[in-house]
Amino acid sequence: MKERGNKMKEIELLAPAGSFEKAKVAYLYGADAVYAGTSSLSLRTRADMEDGDLEKTIKYAHKIGKKVYVTLNIFAWDEKYNEIIQMAKKLEELKPDGIIAADVGVIDVLKEYAPSVPINVSTQANIISLRDCNFWYNNGAKRVIMAREMNKEQLKYIMENKPKDLEVEIFVHGAICFAFSGRCFLSDFLSCRSANLGDCAQSCRWSYNLYAEEKNNPGELMPIETNEYGTSIFSSKDMCLIQELPEIIDMGIDSLKIEGRLKTEYYLASVINAYRNAIDDYKNNPDNYDYTKYLKELDKVKTRGLTTFYFNDRNNKDIQEYGGRQYNENYEYGGKIIKYDDNMSIIEIKNKLIVGDKLEIIVPNKIEPIEFIIEQLWDVDTNEEINEISPGVKGQKVKIKLPIKCEENWIIRRKK
């Protein structure tokens, strides 16, 4: 929101953190805050974040002047409440910057056992109106996380009429569920894994075979296929609002959220860095905002098509990924820098590297990556020169000469 003297309201860039290491990468590449949760009480049971890691993340964030929001956003059966109460007591001690919740029973527990920690109402609460916002504000919420299905006119109306000190957060990038704001029962129906308890099997991403049955010939099924794999009729494209960022900032949204607690450090570095640069560039020079250079970087890491969903147009039909693509054909995670040295730096590799490969260093706070070609590789233990290396074991490392001075945890992209 443009204020006096062309000054803009500060806006938070909020990133996912499925582990402590991912949180560190997120902060390094420009996130102001991360959201994280333990596997049993958040909607990502496969996230690698246990109680000890969550505590480390909160302490680390506050030490460097960043924020952490803890996700406690499952819809809980009665048998879960003893664990929820214990977690609430723990969070009252750890003092995260907010707790993300949707279940009113859970929120009731938080008010009683973690009264000093602000409540952020999850997108799972399906907040789509000013009355929704006022209800949650009157019931103690500091922030509301709006449903992805809202368009910009609806958001503007809320921003102009909401209580002044109620914060508003929206998703700007990442996966979209084939459901209303993520409230889906398809996974539980097909595989007995409840998305609303954090165990989504991502059934909407599967490929399905379709059949037509002529009503006078029951049982005679004629297959309908788009290709040999069937069709991914439920699979959505990924949301991307990089082009719309100026409108979002100008309407005064408080926090921009990136989806992806199960994504790699490479994905986080690429997406966070693009949005960090975009926000800062628009803030410094709003009249010359050029979204294409940020979109170019986002294209390198996407695994599905990109869509603005309903932000610009409630009638937008370009939201489905019928081909079910789940990979990037041009780029992949190359490695993470463990230790820099002028002659031989150490990187942890994530995919096969060969002398002659083209790599890109993703530099924090710079939108243009540094490109270089691998000229030499050395074994990390013997310093023996090698021609290639594959990630045969977890944490596999190699020595390499880097073209610029780098820092620990910088991410390297490999061009296929």
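All values derive from a computational prediction rather than experimental measurement.
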For a side chain to side chain donor-acceptor pair (under 3.5 Å) check, start with the C-alpha distance between Asp287 and Tyr289, then their side-chain angles and the critical distance, and finish with the verdict.
CA-CA 6 Å; Asp287 294 330; Tyr289 182 77; over 6 Å; no
Arg413 vs Ser270, test: side chain to side chain donor-acceptor pair (under 3.5 Å). Steps then yes/no.
CA-CA 9 Å; Arg413 176 190 291 140; Ser270 300; 3.2 Å; yes
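- Aromatic ring pairs are classed by plane angle as parallel below 30°, tilted from 30° to 60° and perpendicular above 60°; the pair Tyr208 and Phe234 is perpendicular.
- Lys257 forms a cation-pi arrangement with Tyr35, by the criterion of a distance under 6.0 Å to the ring centre and an angle within 45° of the ring axis.
- Side-chain contact between Leu295 and Cys240 is present, with at least one heavy-atom pair separated by less than 4.5 Å.
- Partners of Ala26 under the side-chain contact (heavy atoms from CB on, under 4.5 Å) rule, at least two apart in sequence or in another chain, are Ala15, Ala31, Val34, Ile272.
- Between the side chain of Lys22 and the main chain of Lys263, a donor-acceptor pair closer than 3.5 Å is present.
- If you take SG on Cys406 and NZ on Lys336, they are separated by 14.5 Å, rounding to the nearest 0.5 Å.
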Between Tyr29 and Asn365, does the side chain to side chain donor-acceptor pair (under 3.5 Å) criterion hold? Intermediate values first, please.
CA-CA 7 Å; Tyr29 280 93; Asn365 299 313; over 6 Å; no
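- Applying the side-chain hydrogen bond (donor to acceptor under 3.5 Å, both in side chains) test to Lys399 and every residue at least two apart in sequence or in another chain returns Asn383.
- Residues passing the side-chain hydrogen bond (donor to acceptor under 3.5 Å, both in side chains) test with Tyr331, sequence neighbours excluded: none.
- Side chain of Lys162 to backbone of Leu166: a donor-acceptor contact under 3.5 angstrom is found.
- Judged by distance alone, the side chain of Tyr69 and the main-chain N or O of Leu14 form no donor-acceptor pair under 3.5 Å.
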Taking it one step at a time, do Phe309 and Glu149 satisfy side chain to side chain contact (heavy atoms under 4.5 Å, CB included)?
CA-CA 7 Å; Phe309 202 30; Glu149 290 79 8; 4.0 Å; yes
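- Using modelled atom types, one finds no donor on one side chain facing an acceptor on the other under 3.5 Å when comparing Asn120 with Glu169.
- For Gln86, there are no side-chain hydrogen bond (donor to acceptor under 3.5 Å, both in side chains) partners two or more places apart in sequence or in a different chain.
- Side-chain atoms of Tyr333 and Arg414 include no donor-acceptor pair closer than 3.5 Å.
- Taking the six-membered ring where the residue is Trp, the centroids of Tyr291 and Tyr282 are separated by 6.0 Å or more.
- Scanning for side-chain hydrogen bond (donor to acceptor under 3.5 Å, both in side chains) contacts around Lys296 gives an empty result, with sequence neighbours left out.
- Between the Asp357 side chain and the Ile354 main chain, a donor and an acceptor come within less than 3.5 Å of each other.
- A donor-acceptor contact closer than 3.5 angstrom is absent between the side chains of Ser187 and Arg193.
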As a quick check of understanding, evaluate side chain to side chain donor-acceptor pair (under 3.5 Å) for Asn285 and Asn288, giving each step before the final call.
CA-CA 6 Å; Asn285 190 2; Asn288 292 300; 3.1 Å; yes
Do Leu41 and Lys80 pass the side chain to side chain contact (heavy atoms under 4.5 Å, CB included) test, and can you show the C-alpha distance, the side-chain angles, and the key distance before you say yes or no?
CA-CA 9 Å; Leu41 296 178; Lys80 272 287 185 181; 4.2 Å; yes
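- Looking at Asn273, its side chain never comes within 3.5 Å of a backbone N or O of Ala269 through a donor-acceptor pair.
- In terms of the salt bridge (Lys or Arg N to Asp or Glu O under 4.0 Å) criterion, residue partners of Glu92 (sequence neighbours excluded) are, by chain and number, Lys95.
- A donor-acceptor contact shorter than 3.5 Å is absent between the side chain of Thr71 and the backbone of Asn73.
- Not one N or O on the side chain of Lys302 forms a donor-acceptor pair closer than 3.5 Å with the backbone of Asp238.
- Note on ring orientation: taking the six-membered ring where Trp is involved, the planes of Tyr275 and His173 are perpendicular (angle over 60°, cut-offs 30° and 60°).
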Please walk me through it: do Lys237 and Ile176 pass side chain to side chain contact (heavy atoms under 4.5 Å, CB included)?
CA-CA 7 Å; Lys237 293 182 177 180; Ile176 303 169; 5.9 Å; no
